[in-house]
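Below is one structure; the comments refer to it alone.
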Amino acid sequence: MTANLLDFDLEGLAAFCEQLGEKRFRAVQLFRWIHQKGASRFDEMTDLAKSLREKLPSVCHITDLPVLSRQDSVDGTIKWLFDVGDGNAVETVFIPEDDRGTLCISSQAGCAVGCRFCSTGHQGFSRNLTTGEILAQLWHAEHFLRKHLKSTDRVITNVVMMGMGEPLQNYSALVPALRVMLDDHGYGLSRRRVTVSTSGVVPMIDRLAQDVPVALAVSLHAPNDALRDSLVPLNRKYPIAELLDACLRYLPAAPRDFITFEYCMLEGVNDQPEHAQQLLSLVKTHGGRGVPCKINLIPFNPFPDSGLKCSERAVVLRFGQILNEGGVVTTVRKTRGDDIDAACGQLAGDVLDRTDAVRRLADRRLTAAEQPIRFVHKAKDKQV
Ligand code: SAH
Ligand code: SF4
């Protein structure tokens with residue numbers, strides 16, 4: 001098996017080139033061809049020495065993930081389903097807004113954390129994605145969109161690791177992928193425009209601070225351990241106090257001076273005014289001075305057999321109001337791509353039964369693909 005160059009960050013590619021007897025600047029050239037120009041064939045790379053262009057195909061390749069389907073929402077959201085083999089599929093979602101284009105990327109096929117309100121969690125864990133599979137989602141989406149929009153400029157301006165999987169449980173593949181996103185010779189995204197979302201893998205939050213301190217979102221979902229234990233099983237290992245301590249340690253390295261807490265609104269479970277009060281006092285007093293944060297309320301996206309319901313709109317607004325009035329900036333996430341099930345926690349809902357997943361996904365491709373793409377810009381998350 002020859003190497004897939006999507007698996008390398010620039011240092012990795014330089015080391016690979018060195019083994020071939022090539023200088024570092026060749027690695028930079030190759031890297032720019034791949035990530036900035038979207039090249040997948042070496043004969044396109046006209047400024048590489050001809051001898052190198054001829055040698056490369058025998059030792060390496062640039063291989064994308066096979067697309068099982070692409071669905072385009074009326075609101076401009078686009079969802080891709082990529083085949084990662086053995087009946088597994090992962091999803092990637094592009095969300096256009098007035099001032100940015102955000103790509104939501106998956107880090108694992110399935111997820112081992114098993115949160116009660118998450119369809120990926122219900123699906124169980126299949127495997128970690130490789131760096132190349134994480135980056136292929138960005139590579140594919142960016143160059144597809146540029147071609148479609150006839151743009152030579154960057155279309156994806158923000159990346160959020162909020163697709164399927166727990167990124168901090170796939171740390172060794174995640175870090176080189178993040179480095180490529182940030183690299184000026186790669187996608188050149190600033191650290192504040194790349195967000196890792198985690199259910200709270202405390203030791204890896206500390207490592208991220210050292211290795212690639214991008215923006216951090218923490219999926220909190222509950223203001224006390226008893227409730228969080230029942231929603232996010234990982235809480236039994238890393239309870240709230242330890243998680244918030246890790247957030248405080250992360251802040252000095254973070255590109256923003258706050259942590260984003262995500263809070264999925266579940267009717268009658270975690271959405272009452274007393275939960276909001278408890279949450280407020282938690283984030284305002286933890287460690288003595290509190291945790292500088294913003295809170296993002298996510299309306300729960302139901303899926304079959306979850307046994308849970310989304311809180312009423314008025315309940316969500318009242319919850320947000322308590323937090324805002326208490327001095328913690330709180331927004332309510334807009335759901336996007338409703339017509340194509342592109343919202344959080346609905347990803348790859350169809351692959352619940354993995355035995356037959358690829359066939360059903362392929363059937364869906366026949367009905368869903370090749371619709372025209374429309375970009376309808378929508379406002380950002382609304383502050384309540
Ligand atoms: N594993 C990481 C990142 C992927 S999940 C994490 O948990 O943070 C991305 C976000 O979607 C998380 O905040 C998660 O809690 C939320 N989410 C999962 N299922 C959801 C659902 N059914 N409705 C609304 N949000 C959901
Ligand atoms: Fe995994 Fe995140 Fe879903 Fe929890 S919410 S099961 S951590 S993907």
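What you see is a predicted model, and the numbers here were worked out from it, not measured in a lab. In what follows, residues are counted from 1 in the order of the sequence shown. In listed order, ligands and their atoms are each counted from 1.
- Using a 4.0 Å cut-off between heavy atoms, T198 contacts ligand 1 through its backbone alone, with no side-chain atom that close.
- For ligand 1 and F300, the ligand atoms under 4.0 Å from any heavy atom of the residue are 21 (C), 22 (N), 23 (N), 24 (C).
- The shell of residues lying under 4.0 angstrom from ligand 1, judged by heavy atoms, excludes C115.
- For the pair Q277/L280, a side-chain contact is recorded, criterion being any heavy-atom separation below 4.5 Å from C-beta on.
- When each of L52, V28, L30 is tested with C17 by the rule side-chain contact (heavy atoms from CB on, under 4.5 Å), just one qualifies, namely L30.
- Taking the six-membered ring for Trp and thresholds of 30 and 60 degrees, F82 and H140 have ring planes more than 60 degrees apart, a perpendicular arrangement.
- Contacts between E262 and ligand 1 below 4.0 angstrom, taking non-hydrogen atoms only, involve the side chain exclusively.
- With hydrogens left out, the protein atom closest to atom 2 (Fe) of ligand 2 is G165 O, 4.4 Å, a heavy atom.
- Of the heavy atoms in C264, only side-chain atoms (C-beta onward) come closer than 4.0 Å to ligand 1.
- Of the N or O atoms in I298, none lie within a sub-3.5 Å distance of an N or O in ligand 1.
- In C115, the parts holding a heavy atom less than 4.0 Å from any atom of ligand 2 are both the side chain and the backbone.
- Residue-ligand proximity, S199 to ligand 2, at heavy-atom distances under 4.0 Å covers atoms 7 (S).
- The environment of E44 atom CD is dense: over 12 non-hydrogen atoms of other residues, nucleotides or ligands sit within 6.0 angstrom.
- The nearest heavy-atom contact from the protein to atom 3 (Fe) of ligand 2 is C118 SG, 2.3 Å.
- The distance from ligand 1 to the heavy atoms of G165 drops below 4.0 Å at these ligand atoms: 1 (N), 2 (C), 3 (C), 4 (C).
- Annotation: side chain of R313 is in contact with side chain of V332 (closest heavy-atom distance under 4.5 Å).
- The shortest distance between side-chain heavy atoms of L208 and L178 falls below 4.5 Å.
- Ligand 2 is never approached by S219 to a heavy-atom distance shorter than 4.0 Å.
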>> Assess the residue pair Y187 and H35 against the criterion (ring pair (Phe, Tyr, Trp, His ring centres under 6.0 Å)); give the C-alpha distance rounded to whole Å, side-chain angles, the decisive distance to 0.1 Å, and a yes or no.
In response: CA-CA 7 Å; Y187 296 87; H35 295 291; 5.2 Å; yes
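- V159 has its side chain within reach of L138: a pair of non-hydrogen atoms, C-beta onward, lies under 4.5 Å apart.
- Looking only at side-chain heavy atoms (C-beta outward), H286 and D245 come within less than 4.5 Å of each other.
- Among S106, C310, C118, the residue whose heavy atom sits closest to atom 18 (C) of ligand 1 is C118.
- Considering backbone and side-chain N/O of S119, none are found under 3.5 Å from N/O of ligand 1.
- Between W80 and the choices W139, F144, F94, the ring-ring contact (aromatic ring centres under 6.0 Å, His included) rule is met once, by F144.
- Counting only non-hydrogen atoms, the option in P299, S219, G163 that gets closest to atom 5 (S) of ligand 1 is G163.
- Applying the 4.0 Å criterion to heavy atoms of G121 picks out, from ligand 2, the atoms 6 (S).
- A 4.5 Å side-chain heavy-atom check between V316 and D271 finds every atom pair outside the cut-off.
- Using a 4.5 Å heavy-atom cutoff, the side chains of V218 and E262 are not in contact.
- Put simply, C111 gets within reach of atom 1 (Fe) of ligand 2, with an N, O or S atom under 2.8 Å from it.
- Ligand 1 has no N or O atom lying under 3.5 Å from any N or O atom of M161, backbone or side chain.
- Taking only non-hydrogen atoms, the option from M265, H221, M164 nearest to atom 15 (O) of ligand 1 is H221.
- Which parts of ligand 2 touch G114 is read off a 4.0 Å heavy-atom cut-off, strictly below it: atoms 6 (S).
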